[in-house]
Amino acid sequence: MQYLHTMVRVSDLDASLHFYCDLLGLKEVRRKENEKGRFTLVFLTAPQDEARSAELQAPEIELTWNWDPEEYTGGRNFGHLAYRVEDIYALCEHLQANGVTINRPPRDGHMAFVKSPDGISVELLQAGDALPPKEPWASMENTGSW
């Protein structure tokens, strides 16, 4: 058995690509437009997984954008996506500076949660050992749910 991808339905493809690519740093690796089915599939991968994605088309996230508007609810019951990051503080600072709410701040220097524009929880985990606690994160409260 091999893990291939996780599909996430998105309501605004541009906002989702901005979040996943511009802010989180994922890379778009391929796109499929289906005019008859009226949907677009966009496959993303983490930078360190690009070679495996090119060879195996895995591991990836598949963003599914249905051209006809639909309302998606219950993003939290999906669970979450998780990514190992090089510097959790720097990434959280970058996300916050670009308007992303840090729902669970990295108080412990190890783990944080944010949400995509469609309410999908994204867990960020520090690569290697946890970083030493640092302000403003160490005393920041949780916001909303994750």
How close do [X] and [Y] get, heavy atom to heavy atom, and via which atoms?
| X | Y | answer |
| --- | --- | --- |
| Ser121 | Lys115 | OG-CE, 3.9 Å |
| Ser139 | Glu135 | OG-OE1, 2.6 Å |
| Pro47 | Gly25 | CG-O, 3.3 Å |
| Thr45 | Asp49 | OG1-CB, 3.3 Å |
| Leu125 | Glu123 | CD2-OE2, 3.4 Å |
| Arg107 | Tyr89 | O-OH, 4.5 Å |

Which value, rounded to the nearest 0.5 Å, describes the distance between [X] atom [atom1] and [Y] atom [atom2]?
| X | Y | atom1 | atom2 | answer |
| --- | --- | --- | --- | --- |
| Leu44 | Arg31 | CG | CZ | 9.0 Å |
| Leu63 | Thr6 | CG | OG1 | 11.0 Å |
| Leu81 | Phe113 | CG | CZ | 10.0 Å |
| Lys32 | Thr64 | NZ | OG1 | 11.0 Å |

I'd like to know if the side chain of [X] reaches the main chain of [Y], judged simply by a donor and an acceptor atom lying under 3.5 Å from each other, with no hydrogens or angles considered.
| X | Y | answer |
| --- | --- | --- |
| Arg104 | Met111 | yes |
| Asp108 | His110 | yes |
| Ser11 | Pro69 | no |
| Asn34 | Lys36 | yes |

Non-hydrogen side-chain atoms of [X] and [Y] separated by less than 4.5 Å:
| X | Y | answer |
| --- | --- | --- |
| Pro106 | Leu124 | no |
| Arg38 | Asn66 | no |
| Asp118 | Val8 | no |
| Tyr20 | Ile120 | yes |
| Asp87 | Leu131 | yes |
| Phe39 | Arg9 | no |
| Gln48 | Tyr83 | no |
| Ile88 | Trp137 | no |

> Looking at His5, Arg52, Arg30, which hits side-chain hydrogen bond (donor to acceptor under 3.5 Å, both in side chains) with Glu60?
Replying inline: Arg30
Group every Ile, Leu, Val, Met, Phe, Trp and Tyr by side-chain heavy-atom contacts under 4.5 Å, then state whether [X] and [Y] land in the same group.
| X | Y | value |
| --- | --- | --- |
| Leu4 | Met7 | no |
| Leu56 | Ile61 | no |
| Leu23 | Val114 | yes |
| Val10 | Leu26 | yes |

> In this structure, are over 12 heavy atoms from other groups packed under 6.0 Å from Glu28 atom CD?
Replying inline: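 Enclosed.
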> Checking side chain to side chain donor-acceptor pair (under 3.5 Å) for the pair Glu33/Thr40: CA distance, chi angles, key distance, verdict?
Replying inline: CA-CA 4 Å; Glu33 306 263 342; Thr40 300; 3.1 Å; yes
>> Set out, in order, the CA-CA distance, both residues' side-chain angles and the distance that settles side chain to side chain contact (heavy atoms under 4.5 Å, CB included) for Leu41 and Phe43, then state yes or no.
In response: CA-CA 7 Å; Leu41 305 179; Phe43 293 86; 3.9 Å; yes
